[in-house]
Amino acid sequence: MTVTVLEKVPEDPEIILAWNDLVFRMERPEVFFTHQWALAASRSFSDTLCPLTFLVYESGRLNGVAAIAVNRESPAAAFFLTASTADYCDVVSAPETREAVLAAVLREMKKRNVQDLVLANVPAESRTLQVIGALAKSHSLHLHERSAYECGVVSLGDAEQRQAVLQSVVRKEKEKRGIKKLSQLGPVQVAHLSGEPLETVLRSIFVAHISRFFATNRLSPLIRPQRRAFLFELGKLLSYAGWLKISQLEVNRRPIAWNYGFRFLDSWFWYLPTFEIQYEETSPGSCLLRLLIEEACAETAVKRLDMGLGDEAYKSRFSNDSRLTRHVELSGSMQRHLIKVGRNGLATIVRNFPVVDKQLRNGRDLFRAMRGRIGRPAMVAAALAKAKRSVASEDEVAFFEAPPMDASEMSASETEGAALSPLSWEAIAMAAMNNADDEETLKYLARSAQRLKRGRATGYFLQGQQKQPSHFLWVDRYDGFHLSEIHSTLKSADPEAAMIFDCWTPAAHRGQGNYATGIRMAAAYLQKQNRQAWIFSGARNESSVRGILKAGFVYRFSLVRCIRLSRATVSRCETATYRQSIKSKIKQ
């Protein structure tokens with residue numbers, strides 16, 4: 001056998017046909033092994049990964065393909081190109097030639113000084129796992145293999161088994177209640193998308209997925225532009241081949257849940273499901289899955305519905321079978337091999353003791369935080385100042401009231417293209433996609449998502465000239481508002497008075513006056529509702545105070561919290577000194 005190594009995924013039509021022909025001859029063909037999947041990954045992650053496509057020939061005929069990649073920073077360690085996106089990965093060849101193909105690939109890797117190889121998510125029935133031990137030994141590589149994932153599968157056999165599966169899913173009470181509740185809003189149906197522009201459909205999926213993750217205090221991987229680009233590229237390539245199957249659950253013709261999935265040979269794949277968070281109580285995602293299983297039972301060409309990686313509880317309720325994957329690591333160094341074995345062994349032990357696992361995670365997070373502070377004088381000084389304030393300190397919060405305002409009187413340069421809109425899940429998702437590298441803004445959006453989910457306060461965002469959220473703020477009742485800065489709760493005789501709080505401008509939009517514009521427009525909006533608008537700021541936060549004054553707010557009073565020997569008191573004052581400092585800031 002001879003090997004050709006390309007530092008890209010080839011797009012020659014003959015190679016594409018030969019590659020996919022080998023996929024069809026594998027133990028269990030999967031869409032993840034196809035040329036289209038590798039090409040989409042290569043196009044989308046080329047900024048961080050270097051593809052290495054090993055084409056193995058015998059007598060001029062393509063006998064095997066290994067779509068491998070290395071990180072640009074560490075080219076000595078290789079892994080499957082599709083490892084971060086595919087539920088199953090493997091070397092592509094017919095089972096009877098797998099050993100020879102793997103041997104040829106390992107020899108070529110050694111020539112290229114690739115010292116370590118990680119084979120993630122290899123199906124347990126793969127011929128690769130049967131031959132890898134002997135091959136590792138013959139190539140002087142140290143082998144470590146462990147279990148990876150158990151993927152839930154709905155197996156569909158003969159008519160009798162299909163009927164049993166159908167009766168089982170129809171009887172599931174949670175989905176039965178969910179579909180009944182949704183039916184009260186209008187007709188419920190499943191649509192499989194084909195004529196709609198891919199960009200439009202994917203935008204809905206991205207927004208719903210990111211919102212749902214925020215609602216559970218997590219960050220969706222779709223925040224990253226590379227991930228979204230991958231799904232778009234993959235969708236285009238698979239749709240040309242007829243393997244893409246995007247399904248959506250509609251209520252009264254309104255889509256509320258989706259599955260970005262695939263139909264490949266006799267398998268239907270549940271790959272990327274999501275739903276609109278507003279309908280969470282009706283379990284729209286699992287309702288969609290139930291309806292897809294019902295449809296699969298009626299199609300004799302479908303032998304299984306594979307739910308892939310992930311241990312979500314709903315999958316175990318629907319599955320009647322499972323598929324295991326294995327994780328294989330080959331290392332040219334005994335030291336690195338022992339480190340990996342030890343690390344994986346410790347991780348296995350910890351997983352069996354959740355309390356210990358939680359403590360170790362907390363310790364890891366604390367260590368990372370402390371390591372980030374070491375060598376940063378400003379952070380060390382801040383920590384010392386915080387310790388000092390716990391013994392003796394004085395914190396002042398200044399309160400400002402909005403005089404009669406009219407947004408229509410604002411300058412054209414201040415309001416051009418700007419609009420203040422109620423904060424929605426879509427706005428949070430769009431802001432996250434636009435600020436994927438702004439860690440502090442992502443934290444703010446996560447906090448806002450939790451507040452939006454609770455529904456007590458009302459959020460708003462300022463839409464800038466590029467139709468992107470450029471500033472955020474929240475409004476709540478003044479009476480009963482809790483000031484976490486000084487651990488005090490406000491009282492007011494006016495039940496309609498409103499407090500503007502938790503304002504935030506993403507780093508990319510700072511220095512453009514968005515803060516002042518946003519709070520001024522919010523005050524004008526509140527006054528149209530006959531509500532008096534207030535805002536507060538730490539007295540020492542000069543940039544915040546300057547923005548409040550620029551918006552036209554007027555200083556009224558301060559609350560001062562004094563700590564002496566851990567005893568705290570809060571007093572109200574209207575000091576002449578602070579009024580004088582306000583005047584100086586106005587002049588600036």
Side-chain angles (χ1 to χ4, degrees), residues 1-43 45-46 49-70 75-76 78-83 86 88-115 117-119 122-123 125-141 233-234 236-238 240-243 264-265 328 330 332:
M1 288 189 175
T2 59
V3 181
T4 300
V5 183
L6 304 177
E7 295 185 354
K8 63 178 182 178
V9 175
E11 299 187 43
D12 182 283
E14 291 187 6
I15 294 179
I16 296 173
L17 290 173
W19 181 326
N20 288 338
D21 181 62
L22 289 173
V23 173
F24 300 145
R25 294 162 56 192
M26 293 183 71
E27 300 89 320
R28 181 184 288 183
E30 295 288 354
V31 69
F32 309 106
F33 306 153
T34 62
H35 171 272
Q36 285 84 346
W37 200 286
L39 182 59
S42 174
R43 287 177 175 176
F45 301 104
S46 58
L49 300 182
C50 295
L52 294 174
T53 306
F54 291 76
L55 303 175
V56 183
Y57 292 91
E58 184 175 26
S59 302
R61 179 180 179 182
L62 188 65
N63 255 23
V65 178
I68 304 297
V70 296
F79 46 87
F80 280 128
L81 171 62
T82 60
Y88 305 120
C89 300
D90 207 345
V91 172
V92 176
S93 77
E96 61 270 17
T97 60
R98 186 72 47 77
E99 184 172 8
V101 168
L102 266 170
V105 170
L106 292 176
R107 283 195 300 271
E108 193 62 31
M109 283 187 175
K110 189 172 184 180
K111 292 179 183 177
R112 300 179 70 90
N113 200 31
V114 175
Q115 301 171 20
L117 175 63
V118 177
L119 304 178
V122 179
E125 71 274 14
S126 171
R127 174 67 176 164
T128 298
L129 298 176
Q130 299 172 15
V131 302
I132 196 68
L135 286 173
K137 187 175 182 180
S138 65
H139 287 78
S140 302
L141 295 171
E233 285 291 335
L234 182 66
K236 288 193 302 181
L237 294 169
L238 293 187
Y240 295 152
W243 299 329
F264 188 74
L265 300 183
V328 177
L330 300 173

Test side chain to side chain contact (heavy atoms under 4.5 Å, CB included) on Thr4 and Tyr57; report intermediate values, then the result. CA-CA 8 Å; Thr4 300; Tyr57 292 91; 4.0 Å; yes
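- The shortest heavy-atom contact between Ser93 and Asn63 is CB-O, 3.4 Å.
- By the 4.5 Å heavy-atom criterion applied to side chains, Leu102 and Val131 are counted as neighbours.
- Taken to the nearest 0.5 Å, the CG atom of Leu234 stands 11.0 Å off from the NZ atom of Lys236.
- With rounding to the nearest 0.5 Å, the separation of CD in Glu7 from OG in Ser46 is 13.0 Å.
- In this structure, the separation between CZ on Phe24 and CG on Leu265 is 6.0 Å, given to the nearest 0.5 Å.
- Note that OG of Ser42 is 6.0 Å distant from CG of Leu81, once rounded to the nearest 0.5 Å.
- Rounding to the nearest 0.5 Å places CE of Met109 at 9.0 Å from CG of Leu330.
- Using a 4.5 Å cut-off on side-chain heavy atoms (C-beta onward), Arg25 and Leu22 make contact.
- Environment of CD in Glu96: crowded, with over 12 heavy atoms of neighbouring residues, nucleotides or ligands closer than 6.0 Å.
- A donor-acceptor distance shorter than 3.5 angstrom exists from the side chain of Asn20 to the backbone of His35, with no hydrogens or angles considered.
- One N or O on the side chain of Glu27 and one on the backbone of Arg127 form a donor-acceptor pair closer than 3.5 Å.
- Nearest heavy-atom pair across Ala67 and Ala38 is CB-CB, 4.2 Å.
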Step-by-step side chain to side chain contact (heavy atoms under 4.5 Å, CB included) determination, Val31 to Leu238: CA-CA 9 Å; Val31 69; Leu238 293 187; 3.9 Å; yes
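- Here the options are Asp21, Val23, Ile16, the test is side-chain contact (heavy atoms from CB on, under 4.5 Å), and the partner is Trp19; only Val23 passes.
- Considering only heavy atoms from C-beta on, Pro29 comes within 4.5 Å of Phe264 through its side chain.
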Verdict with reasoning, Phe79 to Leu49, per side chain to side chain contact (heavy atoms under 4.5 Å, CB included): CA-CA 10 Å; Phe79 46 87; Leu49 300 182; 3.6 Å; yes
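- Heavy atoms only, all atoms of each residue included: Glu14 and Asp12 are closest at N-OD1, 2.8 Å.
- Two residues are said to be in side-chain contact when any heavy atoms from C-beta on lie closer than 4.5 Å; Phe80 and Ile68 meet this criterion.
- Of the residues listed (Val92, Val9, Val91), the one engaging Val65 in a side-chain contact (heavy atoms from CB on, under 4.5 Å) is Val92, and it is the only one.
- Of all heavy-atom pairs spanning Ala241 and Gln36, the tightest one is CB-NE2, 4.0 Å.
- Glu108 is linked by a side chain to side chain donor-acceptor pair (under 3.5 Å) to nothing, counting only residues two or more places apart in sequence or in another chain.
- The CG atom of Leu117 lies 6.5 Å from the CG atom of Leu106; values are rounded to the nearest 0.5 Å.
- Looking only at distances, a side-chain donor or acceptor of Thr53 sits under 3.5 Å from a matching main-chain atom of Lys8.
- Looking at heavy atoms from C-beta onward, Val56 lies out of side-chain contact with Leu62 at the 4.5 angstrom threshold.
- A salt bridge between Glu58 and Arg61 is absent, with no side-chain N of the basic residue lying under 4.0 Å from a carboxylate O of the acidic one.
- Between Arg98 and Asp90, at least one side-chain N (NZ, or NE/NH1/NH2) sits under 4.0 Å from a carboxylate O, which counts as a salt bridge.
- Residues Ala66 and Val105 approach most closely at CB-CG2, 4.0 Å, considering heavy atoms.
- Side chain of Ser126 to backbone of Thr128: a donor-acceptor contact under 3.5 angstrom is found.
- Side-chain contact check for Thr82 versus Phe32: every heavy-atom pair is 4.5 Å or farther apart.
- Residues Glu30 and Trp37 are not in side-chain contact: their nearest non-hydrogen atoms beyond the backbone lie 4.5 Å or more apart.
- Nearest heavy-atom pair across Leu55 and Pro10 is CD1-CG, 4.5 Å.
- Contact annotation: the side chain of Arg28 never approaches that of Met26 to less than 4.5 Å [non-hydrogen atoms, C-beta and beyond].
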